[in-house]
Amino acid sequence: MATIRELHQLRGNQDLSHWNTVKLFSIAESALLTAGIEPCEYNHLTDYEIRQKLLNEKTINWQHALMLIRSLIEAICTQEIKSPLIRIERIDYNSCWSETVEQAKISLDDTSSILASETKIHRDELKKWLKNNGYFEPPQQNTITIEAQQVTYQQPEPIDHNNIILLPEPTYTTPALEAIQGVVNEFWISYDPDNNKFAPKQVTVKSWIAKHYPEMDSDYIQTAIDKICRHPKAKGGGNTKRNQ
């Protein structure tokens, strides 16, 4: 399965940042944005017209968009995705109309009746479903040992602004977490042990922490932050041990 990054790269990583502040997406918008297609070109169309436009024009990732519409509708019917607004198309012998229904009252029998252009999904629900189905790339991790304790060292991933539309904003931090991120950005994000002859000394890192994060005034905390952030191939003050 292609990831969001791969789908957006196929589309040339076009700018979709104007969708960043939208909290509720229709099913059609969700599928198109995931596939890297601009929904504004389709918002005036009915469900049938959206499908016909994708089938006729065969724009890049059109198959992904169509299958995502189907998959998202099925996920709503099976309660995998919670929807605050579900619109159903009703047809009898004389007329056709749409109505709002509660999610608890729908089932897989309703998949062909749910309106993709009118049924809504919250961005958090969409992000959770996409993550569960493999649309986000897992971060690369390396395990290192610091004083016999196992910790995880993560290489920061470059920000892909086209993916931000599907990610909730961070909601939690602490002064210590901010100091850790500051040390990573200052000393280690571009550190290459094969090309950088010298790694920063522990005393240098601790001095930088004291200057830029004065609330971290404990020598113990400064040392701990240095050990957590230090590259596995770099020695600091003779205290950090490499794996043998």
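Quantities reported herein were computed from a predicted structural model and do not represent experimental measurements.
To the nearest 0.5 Å, atom CG of residue L68 and atom CG of residue L66 are 9.5 Å apart. A distance of 4.5 Å separates CD1 of I27 from CD1 of I73, quoted to the nearest 0.5 Å. In this structure, CD in E125 is found 11.0 Å from CD in E80, a value given to the nearest 0.5 Å. The distance from atom CG of L33 to atom CD of E29, rounded to the nearest 0.5 Å, is 7.0 Å. L54 contributes atom CG, which lies 10.5 Å from atom CG of N61 (distance to the nearest 0.5 angstrom). Here W208 contributes atom CH2 and Y213 contributes atom OH; the two are 4.5 Å apart, rounded to the nearest 0.5 Å.
Under a hydrophobic-cluster definition in which Ile, Leu, Val, Met, Phe, Trp and Tyr are linked whenever side-chain heavy atoms come within less than 4.5 Å, directly or via other members, Y48 and I69 are assigned to different clusters. In the hydrophobic clustering of ILVMFWY residues, with side-chain heavy atoms under 4.5 Å counting as a link, V203 and I209 come out apart. Using a 4.5 Å cut-off between side-chain heavy atoms of Ile, Leu, Val, Met, Phe, Trp and Tyr, with links allowed through other members, W129 and W19 fall into the same hydrophobic cluster. In the hydrophobic cluster analysis, where Ile, Leu, Val, Met, Phe, Trp and Tyr join through side-chain heavy atoms closer than 4.5 angstrom, V101 is grouped apart from L85.
Across every non-hydrogen atom of P214 and K211, the tightest pair is CD-O, 4.1 Å. Of all heavy-atom pairs spanning C229 and W188, the tightest one is O-CD1, 3.4 Å. Across all non-hydrogen atoms, the minimal contact from G134 to T3 is O-CG2, 4.0 Å. Pairing each heavy atom of M216 with each of A179, the nearest pair is CG-CB, 4.1 Å. Closest approach of A199 to A234, counting heavy atoms only: CB-CB, 3.6 Å. What you find for S26 and A116 is that their closest heavy atoms are CB-O, 3.6 Å.
The shortest distance between side-chain heavy atoms of H64 and L10 does not fall below 4.5 Å. The shortest side-chain heavy-atom distance between I76 and I121 falls under the 4.5 Å cut-off. Residues D47 and E118 are not in side-chain contact: their nearest non-hydrogen atoms beyond the backbone lie 4.5 Å or more apart. Using a 4.5 Å cut-off on side-chain heavy atoms (C-beta onward), F25 and P39 make no contact. Counting heavy atoms from C-beta on, the side chains of L177 and Q181 never come closer than 4.5 Å. Between P84 and L24, the closest side-chain pair of non-hydrogen atoms falls below 4.5 Å. Side-chain contact between K127 and K131: present, with at least one pair of heavy atoms (C-beta onward) separated by less than 4.5 Å.
The side-chain tip of K58 points at the ring of W62 from less than 6.0 angstrom away and within 45° of straight on. Taking the ring axis of Y42 as reference, the NZ or CZ atom of K53 stays within 45° of it and closer than 6.0 Å to the ring centre.
When atom types are taken as modelled, the side chain of T78 and the backbone of E74 share a donor-acceptor pair closer than 3.5 angstrom. Not a single donor-acceptor pair under 3.5 Å links the side chain of H231 to the backbone N or O of D192. Of the possible donor and acceptor atoms, one in the side chain of E49 sits under 3.5 Å from a partner among the backbone N and O of T46. In this structure, the side chain of R123 engages the main chain of V22 through a donor-acceptor pair within 3.5 Å. No side-chain donor-acceptor contact under 3.5 Å links E89 to the backbone of L115. Looking only at distances, a side-chain donor or acceptor of T34 sits under 3.5 Å from a matching main-chain atom of S30.
T119 and R87 form no side-chain donor-acceptor contact under 3.5 Å, judged by distance and modelled atom types alone. For the 3.5 Å distance criterion, the side chains of Q103 and S83 fail to qualify, holding no donor opposite an acceptor. In summary, the side chains of T59 and R11 do present a donor paired with an acceptor at a separation below 3.5 Å, with no hydrogens or angles considered. Counting only N and O atoms by type, the side chains of E38 and H18 include a donor and acceptor under 3.5 Å apart. In this model, no donor atom of one side chain and acceptor atom of the other lie less than 3.5 Å apart for N13 and Q9.
Of the charged side-chain nitrogens involved, none lies within less than 4.0 Å of a carboxylate oxygen, so that D226 and K206 do not count as a salt-bridged pair.
Applying the 6.0 Å contact sphere to CD of E99 captures more than 12 heavy atoms from other residues, nucleotides or ligands.
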Please tabulate, for side-chain N and O atoms in residues 105-114, each donor-acceptor pair with protein atoms closer than 3.5 Å (sequence neighbours left out).
residue, atom, partner, partner atom, Å
S107, OG, D109, N, 3.3
D110, OD2, S107, N, 2.9
T111, OG1, L108, O, 3.2

Review point. What do the steps show when you test I91 against W97 for side chain to side chain contact (heavy atoms under 4.5 Å, CB included), and what is the final call?
Key: CA-CA 7 Å; I91 301 175; W97 73 98; over 6 Å; no

Exercise for review: Check the pair R230, V205 against side chain to side chain contact (heavy atoms under 4.5 Å, CB included), reporting the backbone distance first and the verdict last.
Suggested key: CA-CA 10 Å; R230 184 162 292 274; V205 176; 3.9 Å; yes

